[in-house]
2 protein chains.
Amino acid sequence: MSDAEQTREKILTVAADEIHLHGFQATGLSTIINRCGISKGALYYHFTNKLELGYAVFEEKYIPIFLDTWQPALSHEDPIEGLCDFFMSMCDAMVCSEAVCGCPLNNLCEEMANVDEGFRLRILTMQEKLNQLMVESLGRVKSDLRDNITLTQVAYFIVATFYGATTLCKGSRNKSLFQQVMLELCVYIRALRK
Amino acid sequence: MSDAEQTREKILTVAADEIHLHGFQATGLSTIINRCGISKGALYYHFTNKLELGYAVFEEKYIPIFLDTWQPALSHEDPIEGLCDFFMSMCDAMVCSEAVCGCPLNNLCEEMANVDEGFRLRILTMQEKLNQLMVESLGRVKSDLRDNITLTQVAYFIVATFYGATTLCKGSRNKSLFQQVMLELCVYIRALRK
DNA sequence: CTTGCAACAGACCAATCGGTTTGTTAATAT
DNA sequence: ATATTAACAAACCGATTGGTCTGTTGCAAG
């Protein structure tokens, strides 16, 4: 990787972390610059403006992370247990010390959906993609599931609950609260079976 | 109500609306001042700083609205149906034109929980209060419910799903998506019965 | 009549923001 | 050897932010 590419990568990595920690709008370019040890000239050489940097972080960092996080659960031979395992593992991964950052997708959706259309559409695309993946995943065991369920609806319900759990956890800084919601979510998911 | 009290009320009302629309940090004092048709001197006469104004908005505006919104559902003689009615009515109330603002509590929690401890504790108190109310409410018909359920856990689960649904709706600007999650939530709630 | 304070108005200020411009350097192509 | 360019460094800029400071006005008590 060339020096320039390394610089670009470093900017993206630091920006991704900073946006995850403090949100997009609250993240100053000066912070990114300082943490990277570069100048403003360097940043603006690689990105035309703050918004474009944000888009790049979303597409080159958040999307891959997001897919890598959900993929194992969804490609599990038994998606029901795959999801339950995933949610339980998220309980351990959830850090509740100084700050709870939660899911970058959820955060950006809350912060930017009403602020910038470019962000909103990217988030929307990702959410539809996740829903589609989940529908496909559950569809593979459709014969095991109750007859009266709508897969799309169920998929959105699951994601909504997951998102809401992270929000609650942010306010309470209580990992066990997150865990409780996840446990109940597992109860719900397992009850999808006949 | 005296003139001074009227001014204070107007500030609180406008600030509450503006914070609901754009969040606390993105709301400038100049916006509030302009919309109220007052001066900066007036604002700082009634509130020591922006943060204290935010707290006042939370306590004198958001908390009452929040309680008034949930109370009817929870004090319904049949809380299960009370909640279902409530969620269905929220589908109609949800506006999806230019922007989706969602629940002020959820918004502030997402934005401020990791930024200011004063906000976080106020939000936390309110969420615990809601949970307590919901547990009491469901507790009144406990004999009708399945034996293996934990009321607190169920209550947090319900609120989490509701919160997450508003987030999804923000990104998609699709009222029917919100409706789908609410429908599934009703399915879940009704399944709490024996 | 005047003194005093509540209730503002509005100029002012330092800090910070995203963004621009100019300058420098090292490498590469000719 | 020279010209060009990629890849930055850093001073600079206008706009905006929350916050302060110095008035000014109207009513009310003495």
Whole-Å distance separating the CZ atom of A/F47 from the C1' atom of D/dA7:
14 Å
Is it true that a side-chain atom of B/S172 and a backbone atom of B/N174 form a donor plus acceptor pair closer than 3.5 Å?
yes
Could you tell me from which nucleotide to which nucleotide of DNA chain C, 5' to 3', there is an atom under 4.0 Å from chain A heavy atoms?
C/dC17 to C/dT20
Can you name the side-chain hydrogen bond (donor to acceptor under 3.5 Å, both in side chains) partners of A/E128, sequence neighbours left out?
none
Taking the side chain as everything from C-beta on, heavy atoms only, tell me whether B/V14 gets closer than 4.5 Å to B/T31.
no
Atom pairs under 3.5 Å, N or O on each side, protein against nucleotides 25-28 of chain D: can you list them with distances?
none

Does B/T166 have any side-chain hydrogen bond (donor to acceptor under 3.5 Å, both in side chains) partners at least two apart in sequence or in another chain, and if so, which?
none
Return the value, rounded to whole Å, for the distance between atom CD of A/E5 and atom P of D/dC8.
11 Å
Please report the distance, rounded to the nearest Å, between NE2 in A/H46 and C1' in D/dA6.
10 Å
Partners meeting ring-ring contact (aromatic ring centres under 6.0 Å, His included) with B/F162 (sequence neighbours left out)
B/W70, B/F87
Has the side chain of A/S176 got a donor or acceptor atom that lies under 3.5 Å from a matching backbone atom of A/Q179?
no
Is it the case that A/K50 places NZ or CZ above or below the six-membered ring of A/F24, under 6.0 angstrom from the centre and within 45 degrees of the axis?
yes
Could you tell me the separation between the CG atom of B/D116 and the P atom of D/dG18, rounded to a whole number of Å?
15 Å
Which letters describe nucleotides 12-17 of chain D, given B = protein heavy atom under 4.0 Å from base, S = only from sugar-phosphate, - = neither?
-----S
Among residues two or more places apart or on two chains, list those pairs meeting salt bridge (Lys or Arg N to Asp or Glu O under 4.0 Å) that have a residue in residues 7-22 of chain B.
B/R8-B/E60, B/E9-B/K61, B/D17-B/R35, B/E18-B/R35
Give me each pair satisfying salt bridge (Lys or Arg N to Asp or Glu O under 4.0 Å) with a member in residues 62-79 of chain A, each pair once, sequence neighbours excluded.
A/D78-A/R193
Between B/A42 and A/L51, just flag the one whose closest nucleotide in DNA chain C comes earlier from the 5' side.
B/A42
Please list all pairs passing the salt bridge (Lys or Arg N to Asp or Glu O under 4.0 Å) test where one or both residues lie in residues 108-124 of chain B, with sequence neighbours left out.
A/K170-B/E110, A/R173-B/E117, B/E59-B/R122, B/E117-B/R120
Partner residues of B/Y188 under the side-chain hydrogen bond (donor to acceptor under 3.5 Å, both in side chains) criterion, sequence neighbours left out:
A/E184
Sequence neighbours left out, what pairs pass side-chain hydrogen bond (donor to acceptor under 3.5 Å, both in side chains) with at least one residue falling in residues 80-95 of chain B?
B/E81-B/R190
Taking only side-chain N and O atoms of A/Y45, does any of them lie within less than 4.0 angstrom of OP1 or OP2 on D/dC8?
no
Please confirm whether the backbone N or O of A/A16 pairs with a side-chain atom of A/Y62, one donor and one acceptor, at under 3.5 Å?
yes
At what angle, to 10 degrees, do the two end axes of the helix from C/dC1-D/dG30 to C/dT30-D/dA1 meet, given five pairs define each axis?
20°
